[in-house]
**Student:** 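Can you keep this structure in mind? I'll have questions shortly.
Each chain gets a letter, A, B and so on, in the order the sequences are listed, and its residues count up from 1. For clarity, every value in this text was computed on a predicted model and none was experimentally measured.
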There are 2 protein chains.
Amino acid sequence: MRDIAREVGMEAASLYNHISSKQLLLKELLLEIAQLFTEGMKVINSQDLPSFEKLAALIRLHVDITVSHTDAISLLPSEWVHLEEPSLQAFIKLKDAYEKEFKAIITLAMKEGQLKELDPELTLFSILSTLRWLYSWYSKYSSKDIDRLKEGLIVSLLHGIKT
Amino acid sequence: MRDIAREVGMEAASLYNHISSKQLLLKELLLEIAQLFTEGMKVINSQDLPSFEKLAALIRLHVDITVSHTDAISLLPSEWVHLEEPSLQAFIKLKDAYEKEFKAIITLAMKEGQLKELDPELTLFSILSTLRWLYSWYSKYSSKDIDRLKEGLIVSLLHGIKT
DNA sequence: GTCTATACGCTGATAGAC
DNA sequence: GTCTATCAGCGTATAGAC
């Protein structure tokens, strides 16, 4: 709290005029971002696209959210474990649903012959771990190169890096 | 410290007959693992292999270390930031050197035509983030399937998942 | 809304008996 | 080498003046 206070130029005690607790702050930040992914998935899934294109759209979604929510996104991979009930269960529910839908698209893309028939779980994990850690690294790209980053990730993660 | 003590069946105070401080414990765990990666890289780089095969060997190295050091490996992605000087600098040096050598192999594989000519930084990041988060996920594979996991990752990360 | 002062629980660590 | 007792510091949070 003292770090946050210093960052916004006040004493730690003064923060409590704006938020009621640290725990609630964490909850709001995490659930807001989780909602963004949930809604993005919903939009993509409602479109009539080949599964492979849906995967590309998901990659673009992750890049967009990472760029537009630079600060809060860094909480997503690890800090959610510190949520207390019932927020913890709410978060896990969103997370599980997201991963389930992501995996379903991967599985479908495999069945339709757009992807190799590999372990869908491993494929999901491999793609998601890269997208989740994007925030720790993407700053090397200037804001004008975001489209290049998106297409680079689509090549890396979907088309493959082998010649 | 109290959690660790409970896990090994003693009081927190008794731990200090075995370790001198929490900070030193963190340092020893992290530097031990960092050394494993550094030595593994050295061995692989000393072999006369095509760059692409070196990348496959690196993937197998990550899986092997993850499996054989299940507990400590989870510290590697995030906890190193809590190291104090001079351990922090020592760790960063190993980490930077490892990533540099990893990237050099990727760049070479691209020049030799074994990989597409993509952004080497993005390619490195994409592969490493998957390998680093393996620990949080690989337990779904039974110990007998470790070879299948290795080859699955080589396909996913190097050969590509597209048909 | 911000400040100072302060309460209070938790955590890393030490002292000293056994 | 383990225990109990204890400490000092930190971190979240509240009270109350301004």
Side-chain angles (χ1 to χ4, degrees), chain A residues 1-36 68-95 132-133 135-136 139, chain B residues 1-37 65 68-95 132-133 135-136 139:
Chain A
M1 300 305 280
R2 284 169 177 126
D3 290 344
I4 294 173
R6 184 167 22 80
E7 206 76 19
V8 296
M10 60 175 64
E11 292 301 311
S14 309
L15 284 176
Y16 289 84
N17 288 308
H18 303 271
I19 56 155
S20 56
S21 75
K22 184 187 168 190
Q23 178 66 210
L24 196 67
L25 179 59
L26 179 65
K27 179 202 132 188
E28 286 182 0
L29 287 171
L30 281 175
L31 284 183
E32 184 203 329
I33 297 215
Q35 279 296 344
L36 286 176
S68 62
H69 294 73
T70 315
D71 295 330
I73 195 87
S74 65
L75 301 171
L76 209 55
S78 310
E79 301 304 312
W80 61 267
V81 296
H82 300 118
L83 285 172
E84 294 169 359
E85 303 296 0
S87 307
L88 179 59
Q89 283 308 315
F91 180 89
I92 290 177
K93 198 174 166 185
L94 288 177
K95 174 176 140 78
R132 282 179 177 156
W133 282 86
Y135 79 91
S136 70
S139 59
Chain B
M1 299 305 281
R2 282 163 175 114
D3 289 345
I4 295 173
R6 183 166 24 79
E7 205 76 20
V8 297
M10 59 174 67
E11 292 302 310
S14 309
L15 284 175
Y16 288 85
N17 288 307
H18 303 271
I19 57 156
S20 57
S21 76
K22 184 187 169 190
Q23 177 66 210
L24 196 68
L25 180 59
L26 179 65
K27 179 202 131 189
E28 286 182 2
L29 286 171
L30 281 175
L31 284 183
E32 184 203 328
I33 297 215
Q35 279 297 342
L36 286 177
F37 281 104
I65 295 179
S68 61
H69 294 72
T70 315
D71 295 331
I73 196 85
S74 66
L75 301 170
L76 211 54
S78 309
E79 300 303 313
W80 62 268
V81 298
H82 299 117
L83 285 171
E84 294 169 0
E85 303 295 0
S87 307
L88 180 60
Q89 284 309 314
F91 179 88
I92 291 177
K93 199 174 165 186
L94 288 177
K95 173 176 140 78
R132 282 177 176 154
W133 281 85
Y135 80 91
S136 69
S139 59

**Student:** Rounded off to whole Å, could you give me the NE2-to-P distance for the B:His82 and C:dT11 pair?
**Tutor:** 15 Å

**Student:** Could you give the CG-to-P distance, from B:Leu26 to C:dA13, as a whole number of Å?
**Tutor:** 11 Å

**Student:** Work out which heavy atom in B:Tyr16 is nearest to a heavy atom in B:Ser21; give both atom names and the distance.
**Tutor:** CE2-CA, 4.2 Å

**Student:** Measuring from the side chain of B:His18 (C-beta onward, heavy atoms only), which nucleotide among D:dT14, C:dA13, D:dG1 has the closest atom?
**Tutor:** D:dG1

**Student:** What is the separation between atom CD1 on B:Ile19 and atom P on C:dG12, rounded to the nearest whole Å?
**Tutor:**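 Between P of C:dG12 and CD1 of B:Ile19: 10 Å.
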
**Student:** Within the 4.0 Å heavy-atom criterion, would you say A:Ala13 contacts the bases, only the backbone, or no part of the nucleic acid?
**Tutor:**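 Base: the residue A:Ala13, judged by heavy atoms under 4.0 Å, touches a nucleobase.
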
**Student:** Do B:Gln23 side-chain atoms and B:Glu84 backbone N/O form a donor-acceptor pair below 3.5 Å?
**Tutor:** yes

**Student:** Atom OH of B:Tyr16 and atom P of C:dG16: how far apart are they, to the nearest Å?
**Tutor:** 18 Å

**Student:** Decide yes or no for B:Ile19 and B:Met1: does some side-chain heavy atom of the first lie under 4.5 Å from some side-chain heavy atom of the second?
**Tutor:**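 Yes - at least one pair of side-chain heavy atoms lies under 4.5 Å apart.
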
**Student:** Please pick, from D:dT4, C:dA13, D:dA13, the nucleotide with the shortest atom-to-atom distance to any side-chain atom of A:Lys22.
**Tutor:** D:dA13

**Student:** Write down the distance between CD (A:Glu11) and C1' (C:dA5), rounded to a whole number of angstrom.
**Tutor:**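 Value for this atom pair: 12 Å.
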
**Student:** Starting at atom CG of B:Asp3, determine the distance to atom C1' of C:dG12, rounded to an integer number of angstrom.
**Tutor:** 13 Å

**Student:** Contact between A:Val8 and A:Leu15 at the side-chain level, heavy atoms closer than 4.5 Å - yes or no?
**Tutor:** yes

**Student:** Any heavy-atom pair between the side chains of A:Lys27 and A:Leu24 that's under 4.5 Å?
**Tutor:**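 Yes, their side chains come closer than 4.5 Å.
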
**Student:** B:Leu15 CG to D:dT4 P: how many Å, rounded?
**Tutor:**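 Nearest whole value for this atom pair: 14 Å.
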
**Student:** Go through D:dT4, D:dT12, C:dT11 for me and flag the one nearest to the B:Arg2 side chain.
**Tutor:**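 When the side chain of B:Arg2 is considered, C:dT11 is the closest of D:dT4, D:dT12, C:dT11.
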
**Student:** For C:dG1 and A:Ser14 - does any side-chain N or O of the residue sit under 4.0 Å from the phosphate oxygens OP1/OP2?
**Tutor:**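 The answer is no; no side-chain N or O of A:Ser14 sits under 4.0 Å from OP1 or OP2.
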
**Student:** Specify the residue among B:Gln23 and A:Met10 whose closest nucleotide of DNA chain C lies further upstream toward the 5′ end.
**Tutor:** A:Met10

**Student:** Quickly work out the B:Arg6 CZ to D:dC3 C1' distance and round it to whole Å.
**Tutor:** 18 Å

